[in-house]
Amino acid sequence: MNTAIVWFRKTIRIHDNPMLTWAESSQQIDSIIPIYIIDENWSLDVENSVGVNRLNFLYESLLDLNKNLKDNFGSKLLVYTGDSSEVIKSIIGSIDENVNSLLIDYCSEPKNRKDAEDVTENLKNTDINIKVFPAVNTILDIEKIIQTKNFKAPKSTKEMNKIFEENLVISPNGYLLDGDLPVPKNIYFEPLILESIIQNEENSKFYISTEEIKEKNYQLKLETGFEKSYFLGGENEALKRLKMKISERADFVNNFRKPLTCSTNSIENPMEPTTTGLSPYISNGCLSVRLVWNECTKVRNEDQHTKPPESLHGQLMFREMFYLLSRFVENWENDVDNSNCKPVRWGDYDEERIRAWELGFTGFPYIDAMMRQLDATGWMHHLGRHAVSCFLTRGQLWQNWKHGRDIFERKLIDSDWAVNNGNWLWLAGVAPFSMPYYRVYNPCPDSKSSLNVETKEASFIRYWVPELSLFPSKYIFEPHLAPLEIQKLSNCIIGEDYPSPIIDRKKSRKENIAKFKENLGRL
DNA sequence: GGATCCGTTGTAGCT
DNA sequence: AAGCTACAACGGATC
């Protein structure tokens, strides 16, 4: 019997999964061993490792994949935590049958690439055939493209268009023709093999049972509050959401434009984003990004739909751009020796400022509402991320972007190494493709609130910053400007019940623009 | 090779 | 009160 280990990393799904499709059609494979290895540093016991919501989302995604493997193939997922080389060694050592293949989905992150290299190195003296599947979590084959002769780092929509044209087969009506694979019908596994792996003593050191994951997930939800874990992890939920947000929302897709959909969450449901909310499913691999692309194509109206870069296709193209850059540019995650990061002299690490920012006590309600939403749910609207990261760096607090990047990385359920670093580089204004440094977001975008009308933004603030729930819309973006009478009536004295602004926003904005300019002069 | 244009999404102040 | 304008002014691509 010929057995293949299928190592799921960024494909926590059975649809559009080239590893499964290959296993189905290959003559060399009789049965599969589906495995997932949780990063050994992903522990709530390790300080600053990973946030509760992020871990929960992963647990739910793994439970869902386990269910899908069971329902469709009668199989199950073996979940481990530990060093991937050791885990895989222990699997191979625990069964008598020959493991003749190891199927790996390609990941471009340094840690993931090193894991795959180590595993390959470890198995080089065996006759195990290692097969890496490219473009599983991206539309483009990242490795192939950056290895092309004369490859140049793209920085604009135009250059991305060209890369898409040169590297993808896209039909005249916009479909990706070389992706989006259906769920295989004939995948086999051997229960006795899986059982003997689980029973093996060496292997059991790393093994986590489904029951354990369920229990951990439940305990974490008790901690966070069930209503706050709004995004349920997993492929089934991802496909439901894809249908609800894209396939059945032609108007939404055709009119998608960032500036028009910037007002955070909906009034009726403060947890529901005004954007697609698909990012956690894409970043964790529960949802194929190729399928998302094709579904957008399916419902779009050729004459009316918005075009890249504003459109949803445009959004996906920027994601690809960040993946290419992050793989190509050395030290992508760093502020030194990074060709995509200008050496700005940020202020010393200011714990008080960083903590106020992280926990949502800056005295700027819009910023605080979004940071509290991130802390509680693991999600924040894209433009909200712009506003808070600009605020922390070149806008107001003049802190190194890496501090904010780390907090995002830990807390966001859609954390994505390439995209997160790329967006921070861009928002901090240090990357070559950045927006100009003198364009500073206003942390109090109150053009409507001065009219004293209820806006989505105002109701969003009231939900996440309950201290201000009685404040009139007119003052809700800058409550410290409200007369004391109104503060009393609103049952919230600024400076006591809610913080005064930790910084003079206009003054710091001006100073920081000057500082940035001075830094550029040094270059 | 110098001028000009453009870049996924700006802000403040005046009328 | 919405809409215009001044501000501030990088750096790469293109002509």
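A note on names: the letters A, B, ... follow the listed sequences, proteins ahead of strands, and every chain is numbered from 1. For clarity, every value in this text was computed on a predicted model and none was experimentally measured. Note: hydrogens, waters and symmetry copies are ignored here, and every other heavy atom, side chains too, is used.
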Validation row, ring centre A:Tyr366 to ring centre A:Phe477 under 6.0 Å: yes
Using ring centroids (six-membered ring only for Trp), state whether A:Trp379 and A:Tyr230 fall under 6.0 Å. no
Could you work out the separation of [N] and [M] based on their [atom1] atoms and round it to a whole Å?
| N | M | atom1 | answer |
| --- | --- | --- | --- |
| C:dA9 | B:dC5 | C1' | 14 Å |
| B:dG7 | C:dC7 | P | 23 Å |
| B:dT8 | C:dT5 | P | 25 Å |
| B:dC6 | C:dA8 | P | 22 Å |

Once you apply the 3.5 Å cut-off to both distances, tell me the Watson-Crick or G-U wobble partner of [N], or none.
| N | result |
| --- | --- |
| B:dA3 | C:dT14 |
| C:dA9 | none |
| B:dT8 | none |

Whole angstrom is fine here: how far is it from [atom1] in [X] over to [atom2] in [N]?
| X | N | atom1 | atom2 | value |
| --- | --- | --- | --- | --- |
| A:Arg505 | B:dA12 | CZ | C1' | 9 Å |
| A:Lys517 | C:dC10 | NZ | C1' | 11 Å |
| A:Asn519 | C:dG11 | CG | P | 12 Å |
| A:Lys158 | B:dC6 | NZ | P | 9 Å |
| A:Glu159 | C:dG12 | CD | C1' | 9 Å |
| A:Leu520 | C:dG12 | CG | P | 12 Å |
| A:Lys342 | C:dA9 | NZ | P | 13 Å |
| A:Met160 | C:dA13 | CE | C1' | 18 Å |

Looking at the side chain of [X], which of [options] is the nearest nucleotide?
| X | options | value |
| --- | --- | --- |
| A:His386 | B:dT9, C:dC10, C:dG12 | B:dT9 |
| A:Tyr438 | B:dG13, C:dC10, B:dG10 | C:dC10 |
| A:Tyr441 | B:dT9, C:dA8, C:dA13 | B:dT9 |
| A:Arg439 | C:dA13, B:dG10, B:dT8 | B:dG10 |
| A:Lys155 | C:dA13, B:dG10, B:dA12 | C:dA13 |

Check step by step if side-chain hydrogen bond (donor to acceptor under 3.5 Å, both in side chains) holds for A:Asn269 and A:Glu272. CA-CA 6 Å; A:Asn269 180 357; A:Glu272 182 57 41; 4.7 Å; no
Check each of A:Phe256, A:Phe164, A:Trp293 against A:His313 using the ring pair (Phe, Tyr, Trp, His ring centres under 6.0 Å) test, and report the only one that passes. A:Trp293
Could you tell me how the ring of A:Trp398 sits relative to the ring of A:Phe516: parallel (under 30°), tilted (30 to 60°) or perpendicular (over 60°)? perpendicular
Quick one: side chain to side chain donor-acceptor pair (under 3.5 Å) partners of A:Lys111, sequence neighbours excluded? A:Asp115
Looking at every strand, decide which applies to A:Tyr437 at a 4.0 Å heavy-atom threshold: base, sugar-phosphate, or nothing. sugar-phosphate
OP1 or OP2 of B:dT8 sitting under 4.0 Å from any side-chain N/O of A:Thr157? yes
